[in-house]
Amino acid sequence: MKKVLYSVVGVFVGALVCFCVVYFCLHQRESNQCVDSRLKVGCLIAKTGFGADFGDAESMAVELLRSEFGETVSFVIEDNKSNVRDGILACQKLLNVDKVDMIYCDLTMVVNAVSPLVRRKRKVLIAAVCLKGLLEENDL
């Protein structure tokens, strides 16, 4: 029962946070009159490992967002495998290969590890965690 409740809450919270951020970024892009108005969101989600239950719920939230935003937003999902090393590698792929505009990350230890990478690239980091000092470290 708790697993289902966590999944439902995870989907709802993930979808709500992503919806708000994506809406804000799309509005900013339209007001800046960018040539390419398609927003790329990278999702560092724990699809395997100990965090896979939450990752499944977050993947469902991303699918809901894909259906909501259609052609205006592109979502790229990478598995952080519930560990720091793989999370860093996945983040580097999202930033350097996929060229995402922002990154959503779900595990505290992975967020701590990728925050400096995201900051150096001047990208937005959406963290589904509460970390003391994270906002001071990354103004985006």
Side-chain angles (χ1 to χ4, degrees):
M1 185 65 178
K2 281 186 177 181
K3 197 177 204 181
V4 172
L5 180 61
Y6 287 142
S7 294
V8 170
V9 170
V11 168
F12 179 73
V13 170
L16 182 63
V17 168
C18 286
F19 179 82
C20 292
V21 171
V22 168
Y23 178 81
F24 173 76
C25 288
L26 284 175
H27 179 70
Q28 287 295 101
R29 281 180 165 240
E30 288 172 3
S31 65
N32 292 338
Q33 298 176 347
C34 291
V35 174
D36 181 14
S37 63
R38 188 176 175 106
L39 182 69
K40 286 184 92 173
V41 179
C43 303
L44 275 175
I45 295 175
K47 295 186 65 85
T48 57
F50 71 86
D53 289 340
F54 291 110
D56 290 339
E58 289 166 331
S59 292
M60 288 187 278
V62 169
E63 293 307 316
L64 288 171
L65 290 168
R66 275 190 178 132
S67 65
E68 176 70 28
F69 290 106
E71 296 297 317
T72 58
V73 181
S74 171
F75 293 93
V76 181
I77 297 176
E78 286 293 327
D79 185 5
N80 65 34
K81 300 179 184 174
S82 301
N83 72 64
V84 171
R85 186 177 142 275
D86 290 314
I88 290 171
L89 293 173
C91 181
Q92 288 173 332
K93 180 185 178 295
L94 288 171
L95 292 169
N96 299 324
V97 176
D98 297 313
K99 307 281 189 202
V100 298
D101 299 308
M102 65 177 59
I103 291 186
Y104 167 82
C105 190
D106 64 355
L107 295 176
T108 302
M109 62 187 187
V110 178
V111 171
N112 278 330
V114 302
S115 179
L117 300 172
V118 176
R119 182 179 348 117
R120 269 186 246 124
K121 289 286 189 172
R122 305 284 303 155
K123 303 296 179 181
V124 174
L125 176 62
I126 306 166
V129 296
C130 181
L131 297 175
K132 186 175 182 177
L134 180 64
L135 295 177
E136 290 82 23
E137 292 175 12
N138 190 342
D139 57 342
L140 300 176

So, S115 side chain and N112 main chain: donor-acceptor pair closer than 3.5 Å or not? no
Could you list the residues that satisfy side chain to side chain donor-acceptor pair (under 3.5 Å) with S82, not counting sequence neighbours? none
Provide the closest heavy-atom pair for D106 versus G55 in the form atom of the first, atom of the second, distance. OD2-CA, 4.4 Å
Go through F54 and L107 one step at a time and tell me if the side-chain contact (heavy atoms from CB on, under 4.5 Å) criterion holds. CA-CA 9 Å; F54 291 110; L107 295 176; 5.7 Å; no
Side chains of L117 and I88, heavy atoms from C-beta outward: is any pair under 4.5 Å? yes
If we ignore angles and hydrogens, is there a donor and acceptor under 3.5 Å between the side chains of K121 and N96? yes
For R85, enumerate each residue passing the side chain to side chain donor-acceptor pair (under 3.5 Å) test, keeping only those at least two apart in sequence or located in another chain. none
Closest approach of D86 to N80 (non-hydrogen atoms, all atoms of both residues): CB-O, 3.6 Å
Would a 4.5 Å heavy-atom cut-off, applied to side chains only, mark E63 and R66 as touching? yes
Grouping I, L, V, M, F, W and Y whenever their side-chain heavy atoms are under 4.5 Å apart, do V114 and M109 come out in a common cluster? yes
Just to verify, what does K93 make a side chain to side chain contact (heavy atoms under 4.5 Å, CB included) with, not counting sequence neighbours? E78, V97, D98
Working to the nearest 0.5 Å, report the span between CZ of F75 and CG of L65. 4.5 Å
Between V84 and A113, what is the shortest heavy-atom contact and its length? CG1-CB, 3.4 Å
Please report the shortest heavy-atom distance between V110 and G87, naming the atom on each side. CG1-CA, 4.0 Å
Determine whether L94 and L44 satisfy the following criterion, side-chain contact (heavy atoms from CB on, under 4.5 Å), listing intermediate values before the conclusion. CA-CA 9 Å; L94 288 171; L44 275 175; 3.9 Å; yes
Using the test side chain to side chain donor-acceptor pair (under 3.5 Å), find all partners of S74 that sit at least two apart in sequence or belong to another chain. none
Residue pair I45 / V62: nearest heavy atoms and the distance that separates them: CD1-CG2, 4.1 Å
Per side-chain contact (heavy atoms from CB on, under 4.5 Å), V111 is matched among L125, I103, V118 by L125
Closest heavy-atom contact between L39 and M102? CD2-CE, 4.2 Å
Rounded to the nearest 0.5 Å, what's the gap from CG on D101 to CG on L95? Could you check? 10.5 Å
Q92: which residues meet the side chain to side chain donor-acceptor pair (under 3.5 Å) condition with it, sequence neighbours left out? none
